[in-house]
Undergrad: 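Take this structure, written in C-alpha cells, and hold onto it; I'll ask about it next.
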Protein chains: 2
Amino acid sequence: MRGSKTDLAQADCAIARSLSIIGDWWSLLIIRDALGGSQRFSEFQKNIGLAKNILSSRLRKLVQSEIFTIEDDHSSPSVHRYVLTGRGKQLAVVMLALWQWGEDNCFPGKLDYGLADEASGKMLARMELETADGRRIDPHDLRMVVKMKRK
Amino acid sequence: MRGSKTDLAQADCAIARSLSIIGDWWSLLIIRDALGGSQRFSEFQKNIGLAKNILSSRLRKLVQSEIFTIEDDHSSPSVHRYVLTGRGKQLAVVMLALWQWGEDNCFPGKLDYGLADEASGKMLARMELETADGRRIDPHDLRMVVKMKRK
DNA sequence: CCGTATCCATTCCGATACTG
DNA sequence: CAGTATCGGAATGGATACGG
C-alpha cells in the first residue's frame, strides 16, 4: 500500500470521521457557499473559483455522503440544483467556528464584517465553550479528553 | 501555473484563511491530539499513526503558523515539546464543532462517549447557533450571509 | 449553460533507511 | 527517541477540449 491514503472513515473518533467526509478545502468552501444560498454548479464555480472537474468530483462525493441532494430545476430540464440536506445544514456550526477563528487570527486589521442570518438580518453570536452545567471555559484552561457518558 | 494549488491565505474570507492554515486532515488531528495533552513527536506519531516525514513537515508548518511553539524538555537535551499557543488552543471550538457533527452524523449507533474537560471532569456542552441578541437558530432555518458590522 | 473527459504538473503520503 | 532524506505511487488541481 504505497502512497495510498489512510481511510479515516472507520476511525474510532468523531473528528476523524468528520474529516474523512469534509476534511478538505474545497468541500468546506462549497458548503459555505451553499449555506449562503448557492445551489447551481456555475454559482459555485464562479464564487469559489475552482476548476470544473474538481467541483464536479467534489459535488459527487458530497452527494454520496448525503450532504447535498440533487433536485430538478423547473426552469429547464437537465438543470439541477444542489440542495443541502439536514446533515449539510448542521455544518453551519463548524463554519461559524472556522469563521470565528479566522477572524480572530488571520486578519491583522479587525474585520468589519461578520456572519449573519439573512432572514432576520441579525449577526450570529460568537460560540463559546461550556461545560454541560453551563459554566464557560476559557480555551486556555481546557484540556480536552474523551470520556464515557453517564446514563 | 499548471497543477499548483490556489493560495487561500489572502482570500477575503475568514473561513478560507482558516483553511489555508489548518485545512487538512493531519493538521487537525495533530491539534486534536495536542488539545488532549500530547506534546512529543512520538506521542503524535503513535496516537495518530501517520508517517514520520509527514508529521515532521506538518509540525514545521504549524510552528510557522504559530499554532505551536517549541519548548525544551528538561528530561534530556535535543528533546523538545510542541506546545499549543493561544491561537492553537482557540481551535478547541472548531474541534468541538467537528466532534459534534461527526457524533451526530457518522456513527450509526449512538456514541457512548464524548468530549470533556479533564480538570473538572465535566462533559462539554453542545454548541448551538444563536443570533447576537441571544435567540437560538435551528440550522435548518439559517441562511448564512456576510454582513457589515454596526458600530 | 451543465457538466464530463483527458492531459499533465504538483503535491501528498507511506515505507524505509539513515543520522545524532 | 527525534527527527531528516529519499523514493515511488497515489491523489489533487488547473487548463482545456468536448458533448448534451
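Heavy atoms only: backbone and side chains are in, while hydrogens, waters and symmetry mates are out. Throughout, protein chains are lettered first and strands after them, A, B, ... in sequence-line order, and every chain is numbered starting at 1. Note that the structure is predicted; figures quoted are calculated from it, not measured.
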Undergrad: Counting side-chain heavy atoms from C-beta on, which of D:dG3, D:dA15, D:dG13 comes nearest to A:N53?
TA: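 Among the listed nucleotides, the one closest to the side chain of A:N53 is D:dA15.
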Undergrad: Considering only side-chain heavy atoms of B:H80, which listed nucleotide, C:dG3, C:dC2, D:dG3, is closest?
TA: D:dG3
Undergrad: What residues from residues 55-64 of chain B pass a heavy-atom cutoff of under 4.0 Å to DNA chain D?
TA: B:S56, B:R60
Undergrad: With a 4.0 Å cut-off, would you call A:E71 and A:R81 a salt bridge?
TA: yes
Undergrad: Tell me the interatomic distance from B:D24, atom CG, to C:dC12, atom P, rounded to whole angstroms.
TA: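 Atom CG in B:D24 sits about 8 Å away from atom P in C:dC12.
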Undergrad: Does C:dC1 have its OP1 or OP2 closer than 4.0 Å to a side-chain nitrogen or oxygen of A:S42?
TA: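 The answer is no; no side-chain N or O of A:S42 sits under 4.0 Å from OP1 or OP2.
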Undergrad: Checking the side chain of A:K147 only, and the main-chain atoms of B:G121 only, is there a donor and an acceptor separated by less than 3.5 Å?
TA: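 Side chain of A:K147 to backbone of B:G121: a pair is present.
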Undergrad: Rounded to whole angstrom units, what separation is found between the CG atom of A:D7 and the P atom of C:dG14?
TA: 11 Å
Undergrad: Please tell me which of A:K52 and B:W25 maps to the more 5' nucleotide of DNA chain C, matching each residue to the nucleotide holding its nearest heavy atom.
TA: A:K52
Undergrad: Nearest whole angstrom, please: distance from the P of C:dG3 to the CG of A:L50.
TA: 13 Å
Undergrad: Using a cut-off of less than 4.0 Å, is there contact between a side-chain N or O of A:Y82 and OP1 or OP2 of C:dC2?
TA: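 No, outside the criterion.
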Undergrad: Looking at every strand, decide which applies to B:F44 at a 4.0 Å heavy-atom threshold: base, sugar-phosphate, or nothing.
TA: nothing
Undergrad: Write down the distance between CD1 (A:I54) and P (C:dT6), rounded to a whole number of angstrom.
TA: 16 Å
Undergrad: Charged N to carboxylate O under 4.0 angstrom, B:D117 versus A:R143?
TA: no
Undergrad: For B:E71 and D:dA2, give me the distance from atom CD to atom P, rounded to whole Å.
TA: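 In whole Å, D:dA2 P and B:E71 CD are 16 Å from each other.
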Undergrad: For the pair A:D141 and A:R136, find out whether any cationic side-chain nitrogen is under 4.0 Å from an anionic carboxylate oxygen.
TA: no
Undergrad: In whole Å, what is the span from the CZ atom of B:F68 to the P atom of D:dG3?
TA: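 Going from CZ in B:F68 over to P in D:dG3 covers 12 Å.
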Undergrad: If I take atom CD1 in residue B:I48 and atom P in nucleotide C:dG14, what distance separates them, rounded to the nearest angstrom?
TA: 11 Å
Undergrad: Distance check needed: C:dC1 P versus A:E43 CD, whole Å only.
TA: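 Computing the A:E43:CD to C:dC1:P distance gives 11 Å.
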Undergrad: With a cut-off of less than 4.0 Å, is there a side-chain N or O of A:W26 near OP1 or OP2 of D:dT12?
TA: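 So the side-chain polar atoms of A:W26 never come under 4.0 Å of the phosphate oxygens OP1 or OP2 of D:dT12.
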Undergrad: Under a 4.0 Å N-O cut-off, is there an ion pair linking A:K61 with A:E66?
TA: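 Looking at A:E66 together with A:K61, the answer is no, because their closest N to O distance does not fall below 4.0 Å.
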Undergrad: Nearest to the A:R40 side chain among C:dC1, C:dC13, D:dG14, which nucleotide is it?
TA: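 Within the option list, the nearest is C:dC1.
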Undergrad: With no hydrogens and no angle check, do the side chains of A:D33 and A:Y82 hold a donor and an acceptor under 3.5 Å apart?
TA: no
Undergrad: Using 4.0 Å as the upper bound for N to carboxylate O, is an ion pair formed by B:D24 and B:R58?
TA: yes
